[in-house]
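Position 1 is the first residue of the sequence; numbering continues from there. Every number for a ligand or one of its atoms is a count from 1 in the order of the listing. Computation of the quantities below employed the complete heavy-atom set of this structure, encompassing side-chain atoms and omitting hydrogens, waters and symmetry-equivalent molecules.
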Amino acid sequence: MTKRNYVTVNPCVMCQPMGSALAFKGIENTMVLYHGSQGCSTYMRLHLAHHFREPVDIASSSLSEKGAVYGGRENLKKGLKNVINRYNPKVIGVATTCLAETIGDDVAAIISEFKEEEGIGDDLEKDIIIVPVSTPSYGESHVSGYIKALDAVVRKFAGNQGEKKPLKNPNGKLNLIPVENLSPADVRELKEILAATAGDYIFLPDISETFDAPLRDYLPKIAPGGTPLFEIRDMPNSRASLGLGIVSKNLALDYLEKSHSVPGHSVPIPIGLSNTDSFFTELVNILGCPIPEKYQKERGRLLDAMVDVHKYLYGVKAAVYGDPDMVLSLTTFMLELGMNPVLIATGSKSRDFGAKIRQIIEEIRPELKPVILDGIDFDSLNDAVNECSPEILIGNSNGKYISKALDIPLVRVGLPIHDRVGAQRILTVGYRGTLELLDRITNTILEATDTFTAPVEAETTVCAKGTEEECMERGA
Ligand code: SF4
């Protein structure tokens, strides 16, 4: 039985404010400011920059010992002023770190004071909008930080907090609100699918350009791209919202449903055959559109590839770890492939995680009895891997130490991926992304088992006129 640590040794999650940056950075002309110590912002900037290979600016209110004792009011105001002067943003996301939460700064009140002093109003079009979000890392993880930041932004821009309002100007659009952990390549793929089916949609947050920008002859202070602010304001007028991810709560989607009567639907992240089928089926149900032929062909190719590689993957024991929704979708895919996920783990504390995983195992391969863990660190994961003896690891690059120590190959999926380039271009969603993932998993297993090292005998063609060599000699 895997032991749980009483202290965390190498967390299998990232800080809560980092999740907020993942959300804020997908919104047009938005700058992030962490209210807390300088080190938090430095660590998270580096973490994101190493993964996305893009410059990631995150300001800090730089609390020192003095701020910790007397409060961070003046630091936060100074930080906000500097951000406005240097970056000229339209939105500033203010996320708290552990220190600011521990000393108990009333961030909303400080922001109100600051706005009054600087003459900043609440006009969503004319004024700079400051969105506070409470993200102490000792509470939860980057998963919840992302969810809370999106919720705060939608509440701010959709307005009418808490009031149930009828649709005013129906726009016929579909809101797409994914969980954290998609790559810019994933977002581009999903936007392409939506353009071919929904036509008009609002994708929040859109990191396709902000975290994967083309090289320019100048470096913009804030990366262009992100969900336009007028679209976020328009979300309450949409015909429906579709959430990607069914384990973590989608607070923004819930808010739009409860307060603005926008029907909310949620499907797993479309990784794997059945999950991608569910995504397309939901689009068809909501929009009444046909599935374009292009995607029907992609589905056929994926199925063909699954049949081709079945002999290599059937029964292979795997350990999968990472964020809850990503792990759920990866597990479903492995079950579809006939693999044996012996260890399924997430660093997030989640009551629903185990139940959802058990449900899909019951539906697809009820005979399997994997170890399912939530809220683990890499030390516990190491113990669990030792006990379960998987033949392959699937998860983020922080698992490489286990991979090296136990000599088990690792397929890098999710966030962070620091020790390889191209994380921002890894496609895992949709039929095409699943196919790419399938090739990566299969080739990793083939490389590990050295399937291709058996020498291939040269074939000699013989026809009625003799062997190929004899024919060539005769010039036949
Ligand atoms: S755990 Fe808290 S103090 Fe440490 S980097 Fe994260 S937010 Fe900052």
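Excluding waters, the protein N/O/S atoms found under 2.8 Å from atom 8 (Fe) of ligand 1 are Cys40 SG.
Judged as a side chain to side chain donor-acceptor pair (under 3.5 Å), and not counting sequence neighbours, the contacts of Tyr87 are Asp57.
The pair Lys115-Asp122 meets the salt-bridge criterion, since a charged nitrogen lies less than 4.0 angstrom from a carboxylate oxygen. Between Arg233 and Glu125 there is a salt bridge, with a side-chain nitrogen of the basic residue lying less than 4.0 Å from a carboxylate oxygen of the acidic one.
Outside the 6.0 Å centre-distance limit, the rings of Tyr146 and His142 are not counted as a close aromatic pair. The aromatic ring centres of His51 and Phe211 sit 6.0 Å or more apart.
Between the CD atom of Glu28 and the OG1 atom of Thr30 there is a distance of 7.5 Å, given to the nearest 0.5 Å.
By the definition of a contact as any protein heavy atom under 4.0 Å away, atom 4 (Fe) of ligand 1 is not in contact.
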